[in-house]
Structures are given as C-alpha cells and as structure tokens.
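See below for the structure under consideration.
Hydrogens, waters and symmetry mates are skipped; everything else that's a heavy atom, side chains included, is used. Numbers here are sequence positions counted from 1.
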Amino acid sequence: MDSRTSFEDFYSIESAFSSSSRRSNFSVQSKASGGNSIREVNFGDLGTKPVRYGSHGADSETYSISMSQKEINDEDARLVHINDPVQTNERFEFSGNSIRTGKYSILTFLPRNLFEQFHRVAYIYFLLIAVLNQLPQLAVFGRGASILPLAFVLLVTAVKDAYEDYRRHRSDRIENNRLASVLVDDQFQEKKWKNIQVGEIIKIYANETIPCDMVLLSTSDPTGVAYVQTINLDGESNLKTRYAKQETLAKIPENDKVIGLIKCEKPNRNIYGFQANMEVDGKQLSLGPSNIILRGCELKNTAWAVGVAVYAGRETKAMLNSSGAPSKRSRLETHMNLEIIFLSLFLIALCTVVSICAAVWLRRHRKELDYLPFYRRKEFSDGEEENYNYYGWGLEICFTFLMSVIVFQIMIPISLYISMELVRVGQAYFMIRDTQMYDESSNSRFQCRALNINEDLGQIKYVFSDKTGTLTENKMEFQCASIWGVDYSGGNAISLDQNDGYFVKVDGKVLRSKMKVKTDPELLQFARNRKETQEGSHVYDFFLALAACNTIVPLIVDTPDPTVKLIDYQGESPDEQALVYAAASYGFMLIERTSGHIVIDIQG
C-alpha cells in the first residue's frame, strides 16, 4: 500500500472526525431479550485516549501506580523475597497452596449434618413425637417403631450429603495435584500445586490455569504484555491485559538470578485492586492491579509468563471470595416449613380442645372413677385397694394432651419426606443420564451438584434486566453506518451462511471470521472499488480504521476440517468485537496483532 496515499487518506479522515458536521458514526445493535435499541457512537471518540500495546491497560496502569505509590506500613505489609521461599516464610509461615472446598470432615460430619438436617421443622416435630412415645405413660405403639421412620429419613439424607461432599473432596484432590513449572535450583521443574510456596517463581504456558496469585516478572512478549481470561473469577470471557515491569522483563530466571523484595498488602477479597512495591537491583517499583494475575485465570495468546507467588491457597483472592459450600434449601422446602408450623399450631389447638374436654369429663365423673368401665381407677388384684396408674387430675389432663399429640401425629406425615428424598435421587439419576444434555465437544454430562434444589430447576422468581450479559445474550452486531454524511442503512443487508462471506488463504489454509455479519451490497461494492469514486475511498478508509484502531486480539480456532480455521476476535469491549467482525465481513480482516505490528488482509 502506498504510504503517501495512506497518509493523505488518514489525514482526510482525521480532519473529518474533527468536523462537527461531517463526523463518521456507526450504529451497533445489542441483541438482548426484547431489545432493539440502536446506539449512535461517534467513531472519532475511539482514538481520544492513548492505548498501549493494544489494550486499555494504560489508564488502569496510571491508576494503579498512583494507588501503589502510597507507602505501605510494615505492620500492614507482607514481605515476599523473590525466589527465596525459605526466607519469605521464616518470620511468618504463610498459607500453603492447598485448598479445601468440602463442607465436612470425618469428625464433623455427623454433628454438623444432623444440625443442618434439623433446620427442617418437620424433623424436629418427628423427633418430639419419638421422644414422647418412649415414655411408658404415653406409649401408643412400639418404641422402636416410632424411631425407625425418622432414622430412615435422616440416613438417606446423610448418605446423599456425604456423596456430594465426597465429590467436592475429590475435586479438591484433582486441583491440588495439578502440576506447574516452578524454579528449583536454577531450572524449572514440575511441582504439584499444593506444594507451591509464597516467594517461588512459577512459569505458566499458554492455555494453562494460574495456580496462585502471582506478580508478573516477564512474558514471551518483548514488551511484557500477557493476556489472561478471567471467566472463572468474574464470568467475563473477554481477554484482559497484564504487564510485567521493564526492569524485570529482560531477566531470565534460569540464567540471571532474580533477587528482590516485594512489599504488598495483606490478603483481601478485592479482585480489582492490588497495592505493592518491588525492590529490584536497588530500584523501587510501584505495582498495581495490572501487574498481578490471580488464581483461576487462564493465560491466552501468550506463549509463556513468569511470575512470583505472593498469595497462595486460601489466601488467594479467589478463595477469599468463596464462601464455601452453602446449605441450599429449595422454595418448596421453605414453603413446607411454613405449612408445618401452621399445622403444628392447629394440632396444638386440637389437642388443647381434647384435653379440656377430658378435664370436664373427669370433673363430672370424679365420684365414679373408681368403678367406671374402661377407666376404673382402683386396683383390686393384690387384695388391697390402690389407685392404678392415676397421677391426679392435673397430670391426667397433661397426659391426655400429650397422648392426643401422638394420636393425631398423622396430620404431618413423615412418609412425605421419605418420598421426597427418594424422588430427588431418582430425578438426579434421570437428569444425569439424559442424552440430550450430553455435550460431545467436552465429553461431559449434566451434573447435579445439589440434590436439595431439584424442584427449583427452571423456576423464576425475580428478573433483573441489565446490559452486562448476566441474563441477556450481550451480543453486539454491526447493523449500519453513516460515513461522511451518507447514511448506509437502506435495509438491504443480506445474511451470510457459514461457508459464504470473506475468507483469506494463508499457507494453504482458509481463515474465516467466526461470527458472520449481515452486509449491505451497496456498502460492500464501495469497499471493493476504492479508487473509482471519492465515496468509495471514504468507505475504504472507514473500514480500514475499524480493523486497525482497536484493542482486539485475533485467536485462531481449529475446526473439524483441518484446512479451515476460524478467527475469534477477543477483547475487553463487545463494541470493538462487533466492529472488527464487521470490517472482516467487508473484506478488511485483522489477521495478527502483536505489541509491535498488526497484519490486516484488505481485499486479498
């Protein structure tokens, strides 16, 4: 491409952007649930802020430097000696990198599980009935028979909870036994995650998960940029940029011994903040959120990254934000607790009426109680007259009340809870074995992690609507554009199939855009015929700017066809992704981006 022509074109674009009457803008439509709003965004606003190496990291880095320049008190600081875990843990032995998300242990399972089960009001009711039935004066049926139903329900629930917690412990073992490359004796060796200590230098390769919170020292990029995906932390699949300091970037841990001291804040839950200072080669450097990568992130589009562990195990920000395995109760169970309270009040009222009637009857027949059939108070079997199991008028009324509770206990059937537990186990089995819920790409089935809330599946109580993609698809699509005062939104856009649209051949392989965008035939014609008209030149420069002026990182994705590759554009802004996908559909395809150059295929 001719440099002079290109300079003149961009100069004309710049002058047009500064003009209030000829400002190029574009429309982006957000495909949310029921949303068809059109946003008008000024294209000239994209280049107002300085961008460093294809990311928004410049602003965040300035902020982090201003924050970390505050002096950290020794009392509130953690001292980490780089590549010296022994000295780092000499004064205070920091937490190891082993994690535990299980709820129970062998010793605490029985008491804690019973405590959680008796949060159900019905279980407390059945326990009281069983205790009352153990008293000789109140026994209505066998003592053992009154305990068996409750014991069976508790046993079934306990076995179910034990199995769920066993799966958590199994997942913890798999996580703790994963391997990472740790610098030992001036060479990187594989080490289990659970044995990593604060102060050790760790090397992470592309697509690997970060084992602990670590400060970046160097990366494969010559400018020290690393791209990470934080989907496990905040649910965002867009790539974030992190930086290594220039003073440590040139040091190779295997050859150059890295010696330094990091003074950082104590572990906290703020995943968006980090304040620290690092002393290396007599220089004091400020560290901020852009210099640390957190446990659970994945390294993307970067061959390798080297960092020093500053927080490990349960002291990492991810684990501090984890509240552990909660005790979940479904809405049906909560509603049943309320119903049981109402039934219990009704039962108390009914037994009170029975006891009052018994009191009135005893009062009226008090002179006939000694010889009255079916009640006879006197006993003559031993030759001496004595009262037979008679404890007085007041206690007889109390016993009548308690016996009425036992007799009317069927108002709250324990069989309901037995049936519910068995049905939940059956539901989990059928959901796990459902072939329509099987994912072939990941070779994984549906997982039922909490059997207590099966009945809540698919139920909606509240609907919150926002633009962050929590409930909406958050998929931005390029719809139309206005370039140099000309509106290209005639409604003639056509949809392209997967095998249609623009593609590029590189080394015998076809590169296609992962997401297809509807193209306007008129606008597409102008983009292809740049030199014929001035209007075509404006369209050409517009799409060239869309493909070049952004922070998008292209990732190559494999397909079942080895000769076809898909380009997945990753970035922090969904708006930028939509614009780059649009540029690719019109023949301006971003192929590669590094810190030093970008490659764009323009109409072949």
Self-check item: Donor-acceptor under 3.5 Å (Asn291 side chain, Leu287 main chain)
Solution: no
Exercise. Please determine, by modelled atom types, if Glu279 and Asn277 share a side-chain donor-acceptor pair under 3.5 angstrom.
Key: no
Practice problem: Would you check if the side chain of Gln570 reaches a backbone N or O of Ile552 as a donor-acceptor pair within less than 3.5 Å? | Solution: no
Quiz item: Using 30° and 60° as the class limits, which term best fits the ring planes of Tyr586 and Phe543: parallel, tilted or perpendicular?
Solution: parallel
Quiz item: Are Leu239 and Val228 close enough that some pair of their side-chain heavy atoms sits under 4.5 Å apart?
Solution: no
Quiz item: Would Asp84 and Thr88 count as having a side-chain donor-acceptor pair, cut-off 3.5 Å?
Solution: no
Quiz item: Between His81 and Ile259, does a side-chain contact (heavy atoms from CB on, under 4.5 Å) hold up when you go through it step by step?
Solution: CA-CA 8 Å; His81 296 269; Ile259 300 176; over 6 Å; no
Quiz item: With a 4.5 Å heavy-atom cut-off, do Ile591 and Ile600 have their side chains touching?
Solution: no
Quiz prompt | Beyond-backbone contact of Pro289 with Tyr272, side-chain heavy atoms, under 4.5 angstrom | solution = no
Practice problem: Kindly assign one of parallel, tilted or perpendicular to the pair Tyr540 and Phe588, based on the angle between their ring planes and the thresholds 30° and 60°. | Solution: perpendicular
Exercise. Report yes or no: do Thr230 and Lys240 form a side-chain donor-acceptor pair below 3.5 Å?
Key: yes
Quiz item: Do any N or O atoms from the side chain of Arg78 and from the backbone of Val310 form a donor-acceptor pair under 3.5 angstrom?
Solution: yes
Self-check item: Heavy-atom check, side chain of Phe503 versus side chain of Leu511, under 4.5 Å
Solution: no
Quiz item: Do Thr223 and Asp221 have a side chain donor and acceptor closer than 3.5 Å?
Solution: yes
Quiz prompt | Asp172 and Thr101: CA distance, side-chain angles, deciding distance, side chain to side chain donor-acceptor pair (under 3.5 Å) verdict | solution = CA-CA 7 Å; Asp172 292 343; Thr101 59; 2.7 Å; yes
Quiz item: Can you tell me if Thr248 uses its side chain to pair, donor with acceptor, with the backbone of Lys245 under 3.5 Å?
Solution: yes
Quiz item: What's the spacing between Lys514 NZ and Thr559 OG1 if we round to 0.5 Å?
Solution: 12.0 Å
Quiz item: Does Phe526 have any ring-ring contact (aromatic ring centres under 6.0 Å, His included) partners at least two apart in sequence or in another chain, and if so, which?
Solution: none
Quiz item: Does any donor atom in the side chain of Asn97 or Arg295 lie under 3.5 Å from an acceptor atom in the other side chain?
Solution: yes
Quiz item: When you measure from the side chain of Thr219 to the backbone N and O of Val225, does any donor-acceptor pair fall under 3.5 Å?
Solution: yes
Quiz item: Can you tell me how far the CG atom of Leu233 sits from the CD atom of Glu298, to the nearest 0.5 Å?
Solution: 10.5 Å
Self-check item: Residues Lys300 and Glu208 bridged, charged N to O under 4.0 Å
Solution: no
Quiz item: Got a donor-acceptor contact below 3.5 angstrom from the Ser98 side chain to the Lys194 backbone?
Solution: no
Practice problem: Just grab all the salt bridge (charged side-chain N to carboxylate O under 4.0 Å, His left out) pairs involving residues 284-294, residues at least two apart or on different chains. | Solution: none
Quiz item: Taking only residues at least two apart or on different chains, which pairs with a member in residues 555-566 satisfy salt bridge (charged side-chain N to carboxylate O under 4.0 Å, His left out)?
Solution: Asp558-Lys565
Quiz prompt | Thr316-Asp213 side chain donor-acceptor pair, cut-off 3.5 Å | solution = no
Practice problem: Go through the structure and list residues passing side-chain contact (heavy atoms from CB on, under 4.5 Å) with Ser181, not counting sequence neighbours. | Solution: Phe188, Lys203, Tyr205
Exercise. Check whether any side-chain heavy atom of Leu566 sits under 4.5 Å from a side-chain heavy atom of Ile556, and report yes or no.
Key: no
Quiz prompt | Flag for Tyr581-Asp568: side-chain donor and acceptor within less than 3.5 Å | solution = yes
Practice problem: Return the set of residues passing side-chain contact (heavy atoms from CB on, under 4.5 Å) with Ala180 (not counting sequence neighbours), or none when no residue passes. | Solution: Trp193, Ile196, Ile202, Pro211
Practice problem: Please collect all salt bridge (charged side-chain N to carboxylate O under 4.0 Å, His left out) contacts where either partner lies in residues 176-186, sequence neighbours excluded, each pair once. | Solution: Glu175-Arg178
Practice problem: Drop me the distance from Thr519's OG1 to Phe478's CZ, to the nearest 0.5 angstrom. | Solution: 10.5 Å
Quiz item: Would a 4.5 Å heavy-atom cut-off, applied to side chains only, mark Asp541 and Ile483 as touching?
Solution: no
Self-check item: Nearest-0.5 Å distance that lies between atom CE in Met515 and atom CD in Glu477
Solution: 6.0 Å
Practice problem: Under the side-chain contact (heavy atoms from CB on, under 4.5 Å) rule, what do Leu294 and Ile210 come out as? Steps first, then yes or no, please. | Solution: CA-CA 7 Å; Leu294 306 181; Ile210 311 301; over 6 Å; no
Self-check item: Between Tyr311 and Phe94, ring centroids under 6.0 Å
Solution: no
Self-check item: Any side-chain heavy-atom pair of Ile567 and Val557 under 4.5 Å
Solution: no
Quiz item: Could you give the distance from CG (Asn207) to CD (Gln229), rounded to the nearest 0.5 Å?
Solution: 9.0 Å
Quiz item: Quick check: does any side chain N or O of Ser220 sit under 3.5 Å from a backbone N or O of Ala303, one acting as donor and the other as acceptor?
Solution: yes
Quiz item: Yes or no on side-chain contact (heavy atoms from CB on, under 4.5 Å) for Asn83 and Val308, after CA distance, side-chain angles and deciding distance?
Solution: CA-CA 7 Å; Asn83 199 21; Val308 56; over 6 Å; no
Quiz item: Just by modelled atom types, is the Lys192 backbone N or O under 3.5 Å from a matching donor or acceptor in the Asn177 side chain?
Solution: no
Quiz item: Between Gln197 and Pro85, what is the shortest heavy-atom contact and its length?
Solution: OE1-CB, 3.8 Å
Exercise. For Leu183 and Gln189, run side-chain contact (heavy atoms from CB on, under 4.5 Å): C-alpha distance rounded to whole Å, both residues' side-chain angles, the deciding distance at 0.1 Å, then the answer.
Key: CA-CA 6 Å; Leu183 187 65; Gln189 301 177 5; over 6 Å; no
Self-check item: Min side-chain heavy-atom separation Ser444-Asp439 under 4.5 Å
Solution: yes
Self-check item: Inter-residue atom distance Leu79.CG - Cys264.SG, 0.5 Å rounding
Solution: 8.0 Å
